[in-house]
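Heavy atoms only: backbone and side chains are in, while hydrogens, waters and symmetry mates are out. Here is the naming used below: chain letters follow the sequence lines, and residue numbers restart at 1 for every chain.
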2 protein chains.
Amino acid sequence: MHKGRRMHRHQQAIRERKSREKDQRIQGILAAAKKVFFSKGYVRTTMDEIAFEAQISKPTIYQYFKTKDELYSSLMLPFLEEFGSRFERIEKKLKNGKYATGRDLVKDIFRLFIRCYEHAPDSMRVANTFFQHQDLISQLSQEARSAISGKGKYDFQIARGVIETAIAQGLIKDIDSYALSDIIWGIFLGLTQVMDMKSTKQGSTDKYLKSTLRLAERLLVDAIVQE
Amino acid sequence: MHKGRRMHRHQQAIRERKSREKDQRIQGILAAAKKVFFSKGYVRTTMDEIAFEAQISKPTIYQYFKTKDELYSSLMLPFLEEFGSRFERIEKKLKNGKYATGRDLVKDIFRLFIRCYEHAPDSMRVANTFFQHQDLISQLSQEARSAISGKGKYDFQIARGVIETAIAQGLIKDIDSYALSDIIWGIFLGLTQVMDMKSTKQGSTDKYLKSTLRLAERLLVDAIVQE
DNA sequence: CAAGCATTTAACTTATAGTTAATTATTTAA
DNA sequence: TTAAATAATTAACTATAAGTTAAATGCTTG
């Protein structure tokens with residue numbers, strides 16, 4: 001009986017390691033893919049190059065990702081998750097009555113966007129480019145599609161919930177929360193893109209993006225904060 | 001002598017017709033390309049299908065457009081031109097002192113975006129997706145690249161000029177005109193994209209986009225108009 | 001009618017996504 | 001220690017699409 005139980009624990013441990021290794025492999029592929037997709041763009045990225053970058057063979061990639069599209073889309077998930085969890089923190093703070101003014105709330109929301117951008121600017125760009133490929137989304141496997149659009153919808157929802165709570169608390173003016181949350185997302189998405197359009201090179205862009213976001217924040221505060 | 005002159009005029013007329021026909025051919029290709037690119041997206045669009053849609057053969061396309069990328073990018077030009085000329089009209093009106101309030105000016109700017117969107121929503125979307133393909137731009141022929149980026153820069157400039165003039169006239173508050181014009185472009189670009197993200201289907205989107213834009217307009221007016 | 005032009009046809013080359021089967025290496029369980 | 005299972009690699013393959021080419025066709029002009 002003892003032996004049987006030890007055995008079982010051993011197998012358990014092995015399964016854990018295997019799953020860990022599998023995860024590492026997937027992470028390795030994702031990291032390589034992100035690097036190549038970001039530097040070359042979707043169209044000019046080849047699976048062979050990703051395999052080379054990840055130091056594995058091409059069929060191995062296909063063992064973990066059905067298609068190029070699916071690999072590309074998978075880069076979105078961790079990013080959307082980070083957005084969501086950061087929003088959740090703001091939501092918690094808001095529900096605990098930690099925001100004295102709407103200004104503070106808006107400041108935190110903008111800080112969230114900037115942090116996400118700073119934390120992973122390449123992911124951010126990949127995310128932005130992803131949304132242009134509407135046609136890709138529909139081609140994904142059911143699984144991948146529902147995972148991504150689910151996370152995306154969740155992020156939208158939680159952002160809207162934050163706005164609604166803020167309105168209920170009288171922190172910001174009574175405005176259509178759907179539209180307002182779309183506007184805030186839109187400002188951020190649009191601004192990062194405008195920046196990318198204007199300067200082919202990077203570098204000084206980040207600083208300018210941040211100062212422009214600060215102005216956008218100020219304008220938004222002027223427009224929506226309840227005095 | 002008479003005969004020689006008539007001859008010359010005749011040749012001239014023929015050259016004109018030829019150039020007109022050439023232009024028609026190009027327009028036909030562009031129209032077909034726009035249709036296919038918009039319905040299928042860049043990746044899944046084939047040159048054979050564009051040729052079929054335009055009712056010409058594939059090599060003929062390559063007579064007018066070096067590559068698929070260049071054809072894709074060329075769809076941008078008329079769009080950027082329309083933007084520019086609409087902005088020029090606003091600029092003229094502004095310089096003639098036709099705007100009594102900043103609110104009227106902002107309203108016209110938003111109307112401009114909505115008109116461009118209504119007039120050619122597919123171009124608008126193509127334009128949006130175009131800017132994600134940073135990698136495409138660098139691959140274009142010198143000619144195509146400078147034409148597009150030139151027009152794009154011009155549009156940015158004229159928008160900024162309008163804002164500066166409005167500030168000088170005391171219609172809107174004294175705000176960094178570069179940043180403010182980026183924010184306005186960003187709102188529009190971002191919002192159309194957020195809309196595209198949220199609804200895979202179209203239809204009701206347009207109405208919702210317009211009402212959201214109206215809210216954005218109101219917020220912007222509240223934030224930047226000088227009272 | 002002959003010369004010049006744009007267009008088409010039909011083939012081709014090249015690149016890449018995606019797949020497969022045989023082989024090799026590694027790990028596990030007895 | 002060894003047989004079985006697992007995972008990866010190799011090296012091929014298919015299919016599709018971009019881009020090219022040359023010869024043939026037809027239309028316009030002089």
*Specify whether A:Phe87 and A:Phe113 have parallel, tilted or perpendicular ring planes, treating 30° as the upper limit for parallel and 60° as the lower limit for perpendicular.*
perpendicular
*asked:* Suppose we screen for side-chain contact (heavy atoms from CB on, under 4.5 Å). Which residues come up paired with B:Arg89, at least two apart in sequence or across chains?
replied: B:Ser85, B:Arg86
*What pairs with B:Tyr64 under side-chain hydrogen bond (donor to acceptor under 3.5 Å, both in side chains), at least two apart in sequence or on another chain?*
none
*Any residue meeting side-chain hydrogen bond (donor to acceptor under 3.5 Å, both in side chains) with B:Lys95, in chain and number order, not counting sequence neighbours*: none
For [X] and [N], give me the distance from atom [atom1] to atom [atom2], rounded to whole Å.
{"X": "A:Gln55", "N": "D:dA8", "atom1": "CD", "atom2": "P", "result": "15 Å"}
{"X": "A:Ile29", "N": "D:dA7", "atom1": "CD1", "atom2": "C1'", "result": "12 Å"}
{"X": "B:Phe52", "N": "D:dA17", "atom1": "CZ", "atom2": "P", "result": "15 Å"}

Quick one: is [N] close enough that its OP1 or OP2 comes under 4.0 Å of any side-chain N or O from [X]?
{"X": "A:Gln63", "N": "D:dA7", "value": "no"}
{"X": "B:Thr60", "N": "C:dT8", "value": "yes"}
{"X": "A:Arg25", "N": "D:dA7", "value": "no"}

*Non-neighbouring partners of A:Lys68 that pass salt bridge (charged side-chain N to carboxylate O under 4.0 Å, His left out), sequence neighbours left out*: none
*Check every strand shown and say whether A:Phe65 touches a base, only sugar-phosphate, or nothing at a heavy-atom separation below 4.0 Å.*
nothing
*Which residue pairs satisfy the side chain to side chain donor-acceptor pair (under 3.5 Å) criterion with at least one member in residues 155-165 of chain B, sequence neighbours excluded?*
B:Glu164-B:Ser177
*Along nucleotides 13-24 of chain C, 5' to 3', which nucleotides get a B, which get an S, and which get a -, given that the test is a protein heavy-atom distance under 4.0 Å?*
---SBBBB----
